[in-house]
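Provided herewith is a single structure, encoded as structure tokens, for subsequent inquiry.
This structure is a prediction, so every number in the text was calculated from the model and none was measured. Quick note: numbers below take in every heavy atom, side chains included, and nothing from hydrogens, waters or symmetry partners. Just so we're on the same page: letters track the sequence lines, and every chain starts at 1.
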There are 2 protein chains.
Amino acid sequence: MTVRPGGRAATILDVALAAAVSQATVSRVVNGKSTVDPAIARRVLAVVDELGYRPSASARNLARGSTQTVGVVVPDLGNPMFQEVLRGVTQAASAAGYRVLVADSQESLADEPELATEARRRCDAVVLVAPRMSDHELSDLLPSLAPVVLVNRSAAGTPEVVVDYAAGASAAVDHLAGLGHRRIAYLAGPPSSESNRRRLAGLERARSLHPGVEITSIPCGANVEDGARAAQALGDATAVIAFNDLVAFGLLAALRDAGVAVPGTVSVVGFDDIEFARYATPALTTMAVPRQLLGARAWDALLAEIEGGTPAAPVLFTPALVVRASTGEVAR
Amino acid sequence: MTVRPGGRAATILDVALAAAVSQATVSRVVNGKSTVDPAIARRVLAVVDELGYRPSASARNLARGSTQTVGVVVPDLGNPMFQEVLRGVTQAASAAGYRVLVADSQESLADEPELATEARRRCDAVVLVAPRMSDHELSDLLPSLAPVVLVNRSAAGTPEVVVDYAAGASAAVDHLAGLGHRRIAYLAGPPSSESNRRRLAGLERARSLHPGVEITSIPCGANVEDGARAAQALGDATAVIAFNDLVAFGLLAALRDAGVAVPGTVSVVGFDDIEFARYATPALTTMAVPRQLLGARAWDALLAEIEGGTPAAPVLFTPALVVRASTGEVAR
DNA sequence: TTGTACGCGTTATCAC
DNA sequence: GTGATAACGCGTACAA
């Protein structure tokens, strides 16, 4: 590979000149479109190699009107949940020849709309993960983002891939109630979080299903530290449902430090089933969410919009109870 | 925001026409370059708003000759180490107005060169994390990637941000030897991994420093499962240094299942200090690596190359011993 | 300060 | 099968 005299990278024109053909032919050879005389094709390829020619992505994008790139907007790249969604999208998209642009709002709610818009400008479509954004802001934003698919949010007319956290929360209560627990604490996520609201809705449903069970909601958060802090606020609950596995981890650690037996004195169930859940002590019982699949399905929906022009049907995942060692029969 | 009759997005020409000014003026207003008559600027902005005009990133990139985007190539987005590097780069880059394109080779060594090349075509520069790529392939690839910075790899002439794993491994032995251990097992990472080689070099050094200590290397891997499997191969070692925290987690779990006391019977030290290390049981002693900083420094080096044209000086991080509960005095 | 006009590197539509 | 040439949408010298 040689660099051109000027020091600039070779362009299609340079190749055309050197191979004594037209730019059109070079383009055809490079893209394998149409059919070109084998002899000429060989000559062109030789020159391409010699000059180290690489098509400019920018020029291509402009000419084609597409970037073959999708954006993924997440609130926090440090969260295993969003990491896996990103990973799922990335893998699925790469199989289709698309690349992924990440945009991490770093929990800065105010920046999200602009961040998403900016991402959309550079991409053909966007996967939006914005659990805290207000419904109002969301519906304002969506029109300018299309094609777009929502993860764990709903908005009329926009394809979505969501987890049925309500069903998950309800199932968690079923599990605990079945073990004899009558006082359950829910360590709530951020109040503004949509997925927290969905869990709360599920708990509401569970209350009517289990009249004898008292379910109290304790403000907590979404991180390990939040979970650790919440250990003191458990009251007389014999079981707790954590907003997610991160919170459960923090709780478990604090409980251990405080000498509280799990599940002897308190049972704990998490949400998500992150990779480390099974390595917690005791191994964490949790409502498993297929996080990578979430990303993969989001990609599918995106592709349907991009190429098919079809707004994909909503996808709903139901969390699956994974019983490990952190839950057990209530002590009496 | 209105959509143009044709259904197409508004272009700078549409705005110019509607505002009765030239495209140049619209461009100036939109970019805040040069100074434009306030009245005209207002008029233009009004039209921009009305038409919902958004500059085309593709056209901009082509005209400017830069994309304001950097690529990050990683071998496995599922690995906390690489996730944090990505995060570090993303956050640092976004502060400078750059976006990040992710490329996950999914451990497919063969695809890495093409993946990196492809990423580079779409970006102004690339951060390459490729621990397994052969030196040969790496040096072949680098020229076509510049500006590029290497993470945990070295190659003449290319800026690098690396962790001194040799010093880390050596320090781990110091710690263990200080606790009286004389038979230490090293759970080796992938043989082709550069960072594994560096750890091995550190162990070699440690051998001469601690003549009385026997250090054996056991083929293992880089994942939790690998660590779990290795539990049976420990022999009579009283302490083990795991390739990374993931491996240590697997080992800890297997040891617990086997009823082996940690650190009573066996001490365990990991590498990286991933977030969950402190929540392992027992809390994991580990050689901490500032993973996010790694990404941030990689970005700094990239920026120096992109804008300054200066090849940044190598950055070297030394792992710090974090003593928790998984290591203790040798039993006698 | 504002407008004209050209260049950025490809792709795609035509004739040939 | 191949070659001109017009888009693609924007930035920017240069001229006015």
Position toward the 5' end of DNA chain C (nearest nucleotide), A/R60 or B/D37: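 It is B/D37, whose closest nucleotide lies nearer the 5' terminus.
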Sugar-phosphate only, base, or nothing, as touched by B/V21 at under 4.0 Å among non-hydrogen atoms: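 B/V21: backbone/sugar contact only, no base atoms under 4.0 Å.
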Under-4.0 Å side-chain N/O to phosphate OP1/OP2 contact, B/S22 with C/dG3: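 Looking at the OP1 and OP2 atoms of C/dG3, one of them is under 4.0 Å from a side-chain N or O of B/S22.
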From CA spacing to verdict: side-chain contact (heavy atoms from CB on, under 4.5 Å), B/S27, B/V30: CA-CA 5 Å; B/S27 174; B/V30 170; 5.9 Å; no
Ion pair check, B/R99 and A/D104, cut-off under 4.0 Å: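 The answer is no: the pair does not qualify as a salt bridge.
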Touch class at under 4.0 angstrom, heavy-atom based, for B/S27 against every strand present: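 Result for B/S27 = base.
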Boundaries of the chain A footprint along DNA chain D (any atom under 4.0 Å from a heavy atom):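 First-to-last contact on DNA chain D, by the 4.0 Å heavy-atom rule, is D/dG1 to D/dG9.
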A/D124: partners by salt bridge (charged side-chain N to carboxylate O under 4.0 Å, His left out), with sequence neighbours left out: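 Salt bridge (charged side-chain N to carboxylate O under 4.0 Å, His left out) list for A/D124, sorted by chain: empty.
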Distance-only side-chain donor-acceptor flag, B/R60 / B/N31, under 3.5 Å: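 Yes, B/N31 and B/R60 have a side-chain donor paired with an acceptor closer than 3.5 Å.
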Whether over 12 other heavy atoms sit under 6.0 Å from A/E107 CD: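 Counting other residues, nucleotides and ligands, CD of A/E107 exceeds 12 neighbours.
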Which residues share a salt bridge (charged side-chain N to carboxylate O under 4.0 Å, His left out) with A/E307, sequence neighbours left out: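 Partners of A/E307 by the salt bridge (charged side-chain N to carboxylate O under 4.0 Å, His left out) criterion come out as none, since no residue qualifies.
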Earlier contact from the 5' end, DNA chain D, for B/A24 and B/L62: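 In this pair, the answer is B/L62.
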Pairing of A/R132 and A/E112 as salt bridge, 4.0 angstrom limit: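 A/E112 and A/R132: not salt-bridged.
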Terminal axes of the helix from C/dT1-D/dA16 to C/dC16-D/dG1 (five pairs each): angle between them, nearest 10 degrees: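 Its terminal axes enclose an angle near 40°.
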DNA chain D-proximal residues of residues 28-36 of chain A, any heavy atom under 4.0 Å: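 Nucleic-acid contacts, sorted: A/R28, A/T35, A/V36.
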Distance, rounded to the nearest Å, where A/Q68 contributes CD and C/dT10 contributes C1':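 From A/Q68 CD to C/dT10 C1': 14 Å.
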Close side-chain approach of A/S144 to B/R54, heavy-atom, < 4.5 Å: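 Side chain of A/S144 against side chain of B/R54, heavy atoms only: contact under 4.5 Å found.
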Protein-nucleotide distance (A/Q23, atom CD; C/dT13, atom C1'), rounded to Å: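 One finds 15 Å between C1' of C/dT13 and CD of A/Q23, rounded.
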Between P of C/dC8 and CG of A/L13, the distance in whole Å: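 One finds 10 Å between P of C/dC8 and CG of A/L13, rounded.
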Check: A/R122/B/T69 side-chain N/O donor and acceptor closer than 3.5 Å: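 The answer is yes; a qualifying pair exists.
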Residues B/T67 and B/R121: side-chain donor-acceptor under 3.5 angstrom: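 No, B/R121 and B/T67 have no side-chain donor paired with an acceptor closer than 3.5 Å.
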Would you be so kind as to tabulate the donor-acceptor pairs closer than 3.5 Å made by side chains of residues 38-48 of chain A, with sequence neighbours excluded?
unit_1: A/R43; atom_1: NE; unit_2: A/A19; atom_2: O; d: 3.0
unit_1: A/R43; atom_1: NH2; unit_2: A/A19; atom_2: O; d: 3.1

